[in-house]
There are 2 protein chains.
Amino acid sequence: MTISKNNKNITVFDVARQAGVSKSTVSLVLTESDKVSERSREKVLKAIDELGYVYNRDAAALRSRRSNLVGIVINDLTNPYSAQLAVGLERHIRAMDYMSVLVNSGEDFATQKQLVQKLKEYRLAALVICPAPGTDAAWVNQQIDAGIPVIHIMRDVAGARAPVVIPDNIRGTRLATQHLLNRGFKHIAFIGGSESISDFHERLCGFNQAVDGAGLNKQHITRIQAQTNRHGGRQAVIQALEADPLLQAVVCFNDVIAYGAIEQLRALGRVPGQDIAVVGFDDLEDSCRMSPALSTVHIDADEIGRAVCKLLGNKKDAVASEGRILVDVEFIPRSSG
Amino acid sequence: MTISKNNKNITVFDVARQAGVSKSTVSLVLTESDKVSERSREKVLKAIDELGYVYNRDAAALRSRRSNLVGIVINDLTNPYSAQLAVGLERHIRAMDYMSVLVNSGEDFATQKQLVQKLKEYRLAALVICPAPGTDAAWVNQQIDAGIPVIHIMRDVAGARAPVVIPDNIRGTRLATQHLLNRGFKHIAFIGGSESISDFHERLCGFNQAVDGAGLNKQHITRIQAQTNRHGGRQAVIQALEADPLLQAVVCFNDVIAYGAIEQLRALGRVPGQDIAVVGFDDLEDSCRMSPALSTVHIDADEIGRAVCKLLGNKKDAVASEGRILVDVEFIPRSSG
DNA sequence: ATTTACATGTGGAACGTTCCAAATTGTTAA
DNA sequence: TTAACAATTTGGAACGTTCCACATGTAAAT
């Protein structure tokens, strides 16, 4: 019924014949070389269009020993911030004429290892990783030594020879916390996050910097870790209130934690933003539209994408360029805190 | 400083020499053929390990004319359900030893076209698409004719010769609506969704089926379209209450709409789940943990993944197998409705 | 012993591109 | 007009695998 799939593919040779040039000239056009006359270029483009030729990346990658695939390993795609980040990254990477292979480690180092092992078989142009907890520097360096340019995002791996693009976490929570201190709150908690990842330490550090300088009673400062999801936020708020019933303000590890905290406060009959102030981190799309609108630290996912692409651009052949790109953050006060 | 990247790669030839067999035998091992003795297999595996050989997918794909890349085109990754779906799909696809290239169309048909054009250059094993609004059958069929096995998910494109995996939308909203009718509500609204996609029509159809059979006053049935995000949900609730101030229950196009609706009701001083019942569709991870816990229609993202993989398995060489796989849904009553 | 059958193993050719070095054409200066 | 040089074009080789047809070895059947 269907036309029996012709076994022969349309190749550069067919295009060349149709355009009346050599296969090499066709290749030059395809690779956007400037060593080709405008006249030939047009003939080739016309032939490509007429024949419906489609470029074969496999052959190109094989011969040129360079892929245009960029691997993106995300820690947890079901986290809205990660998803937002992934979308931003993907768009930028595509704009640079790379294609992104997006995979999800689910915060599991073993899965991450397996994934990267698979990805290596595609000779990636680069590997962008938001490292799962437990990622060790030795493993990362091993990948780099194997010739894969690795770029870390959002989280640092101490000792890894990979450049990292990371929001200014310390400044972010410091700003958020100072805002609460300025409003006169004396009983403050930092909730959420987990010890095994670097951003927790940084965000907590910013919190500590702010409260340490304020000369508050140590008893009135609470710190609670929790799973990074709504449920974690709810649990953490319960614990924080147990630790200090006079709690006035909560600095959350991120917006999702804040969402959980707000829900739990409400369930306990407290009015979030009024009885107890809540601030987040990430500035998810929903955060400005919810009620109360969430005060939070804004990270520009787009700027992270741009920074990654700048690194990608440098990656001509130099492997293992180090460096730390800090993406600026901004505290946005809204009605929740 | 760094060891100058050795220009020679480790290939099947190196492995063959190390193992004392021919390159062809190595290839047989790599492709997991059963035409190779256990003894040779072990020698080859040992050599691979010793040399740190990594398979070159580009070369393999070029020669065998078959890729193990599956393209996934998601309509909107920032939508939590889509993200959840993508994660499930990716995991299943990976389990079948395929690799997934995940891209995001952002609900834009032009973007979707560009993306697919790029993806074609990788000679995908299959293309899984959640079609953006405006996707027309002619375009889809053209891709299929070009030899790419297309599988649609979540949304139907009338006239396209592609199999589709879709939740039982009609049954879902019918069950949800019937639940509300059984509770005795007489003033009901369906809110959210947009005309340009098939699932809207199906979910609305389920709603209509249920209310039509109940012999209610037509004046007490409201239908409001809205953007598929929280904000859309909030707007829609406002409009629905304007249309029928005695509104008792709301059937939402999906959970995100329901989240917005609940927020807005609260902002208006109504207690969701008590003054006005709200039910959703999707059963996002958060839905069972929020308060009030959201009554909603559960779709198993995992089952969609499984169904897609079954289609993938069938795709030996048969292009354009049609068919419609309906994934079962379940109404889960919770406290919101 | 001789054939038959079957399970394994093998060396070339091929996949569709890019690279390279050399050839051809076009352009400017002497 | 020609030499010198730059711009453009080109055919063969190469990238690392799989396919194919055939060779070899081993066991069973004659």
Side-chain angles (χ1 to χ4, degrees), chain A residues 5-45 47-48 51-69 120-125 147 317, chain B residues 5-45 47-48 51-69 120-125 147 317:
Chain A
K5 201 171 156 188
N6 195 332
N7 220 14
K8 274 294 172 212
N9 257 324
I10 295 166
T11 74
V12 278
F13 289 93
D14 303 310
V15 176
R17 191 178 326 112
Q18 174 92 357
V21 298
S22 77
K23 65 171 182 11
S24 301
T25 302
V26 175
S27 173
L28 289 173
V29 172
L30 290 172
T31 54
E32 294 184 330
S33 162
D34 54 355
K35 293 183 193 310
V36 87
S37 71
E38 193 52 33
R39 214 167 56 84
S40 302
R41 225 179 69 85
E42 273 167 15
K43 280 193 294 185
V44 169
L45 257 24
I48 285 177
L51 296 174
Y53 163 81
V54 354
Y55 188 53
N56 187 325
R57 292 267 173 200
D58 294 321
L62 171 59
R63 172 61 230 209
S64 70
R65 297 155 153 284
R66 103 174 62 94
S67 160
N68 81 143
L69 245 33
K120 275 168 139 179
E121 301 181 349
Y122 298 93
R123 320 275 144 143
L124 302 174
D317 16 27
Chain B
K5 201 170 158 188
N6 195 332
N7 221 13
K8 273 295 171 213
N9 257 322
I10 295 166
T11 74
V12 278
F13 288 93
D14 303 310
V15 175
R17 193 177 328 111
Q18 175 91 356
V21 297
S22 78
K23 63 166 183 18
S24 302
T25 303
V26 175
S27 174
L28 289 173
V29 173
L30 289 172
T31 54
E32 294 183 329
S33 162
D34 55 355
K35 291 183 194 311
V36 86
S37 72
E38 192 53 33
R39 214 166 55 84
S40 303
R41 227 179 67 85
E42 274 166 16
K43 281 193 292 184
V44 169
L45 257 24
I48 285 176
L51 296 174
Y53 163 81
V54 353
Y55 189 54
N56 187 325
R57 291 269 174 199
D58 294 320
L62 172 58
R63 173 60 227 211
S64 69
R65 298 154 152 285
R66 102 175 64 92
S67 159
N68 82 143
L69 247 30
K120 275 167 138 178
E121 300 182 348
Y122 298 92
R123 319 275 145 142
L124 301 172
D317 18 27

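Lettering of chains follows the sequences in order, A, B, ..., and the numbering in each one begins at 1. Note that these values count all heavy atoms, side chains included, but never hydrogens, waters or copies made by symmetry.
- Where B/Leu62 and A/Arg66 meet DNA chain C, the nucleotide closest to each residue was compared, and B/Leu62 sits on the side nearer the 5' end.
- Residue A/Asn9 places at least one side-chain N or O under 4.0 Å from the OP1 or OP2 atom of C/dG16.
- Looking at heavy-atom distances under 4.0 Å, A/Ser64 makes contact with sugar-phosphate atoms alone, never a base.
- Listed here is the closest heavy atom pair of A/Asp14 and A/Asn9: OD2-O, 3.5 Å.
- As a whole-Å value, the separation of B/Tyr122 OH from C/dT17 P is 14 Å.
- An OP1 or OP2 oxygen of C/dT18 is reached within less than 4.0 angstrom by a side-chain nitrogen or oxygen of A/Tyr55.
- In this entry the distance linking CD of B/Glu42 with C1' of C/dT8 reads 16 Å, nearest Å.
- The nearest whole Å value for the distance from the CZ atom in B/Arg17 to the P atom in C/dT10 is 14 Å.
- Shown here for A/Ala125 and A/Ser67, the closest heavy-atom pair between the two residues is CB-O, 3.4 Å.
- Listed candidates were C/dC19, D/dT17, D/dC19. Nearest to the side chain of B/Val12 is D/dT17.
- Of all the heavy atoms in A/Leu62 and B/Leu62, the pair that sits closest is CD2-CD2, 3.5 Å.
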Q: Summarise how protein sits on nucleotides 4-13 of chain D as a single string, 5' to 3': B when a protein heavy atom is under 4.0 Å from the base, S for sugar-phosphate-only contact, - for no contact.
A: ----SBBBBB
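- For A/Ala47 against A/Gln18, the heavy-atom pair with the smallest separation is CB-CG, 3.5 Å.
- Nearest heavy-atom pair across A/Gly20 and A/Lys43 is O-NZ, 4.4 Å.
- Judged by distance alone, with hydrogens and angles left aside, the side-chain atoms of B/Asn56 form a donor-acceptor pair with the main-chain N or O of B/Asp58 at under 3.5 Å.
- For the side-chain contact (heavy atoms from CB on, under 4.5 Å) with B/Ile48, the lone residue among B/Val15, B/Ile10, B/Val54 that qualifies is B/Val15.
- Across the protein-nucleic acid pair, A/Asn68 atom CG and C/dT17 atom P stand 14 Å apart, rounded to whole Å.
- An OP1 or OP2 oxygen of D/dT17 is reached within less than 4.0 angstrom by a side-chain nitrogen or oxygen of B/Tyr53.
- Rounded to whole Å, atom C1' of D/dT18 lies 14 Å from atom CG of B/Asp58.
- If you take CZ of A/Arg57 and P of D/dT17, they are 21 Å apart, rounded to a whole angstrom.
- Minimum heavy-atom separation, B/Tyr55 to B/Ala60: OH-CB, 3.3 Å.
- At the heavy-atom level, B/Arg41 lies nowhere under 4.0 Å from the strands shown.
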Nucleotide N/O to protein N/O under 3.5 Å, stretch nucleotides 21-25 of chain D:
none

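- In the displayed structure, A/Glu38 atom CD is contacted under 6.0 Å by more than 12 heavy atoms of other residues, nucleotides or ligands.
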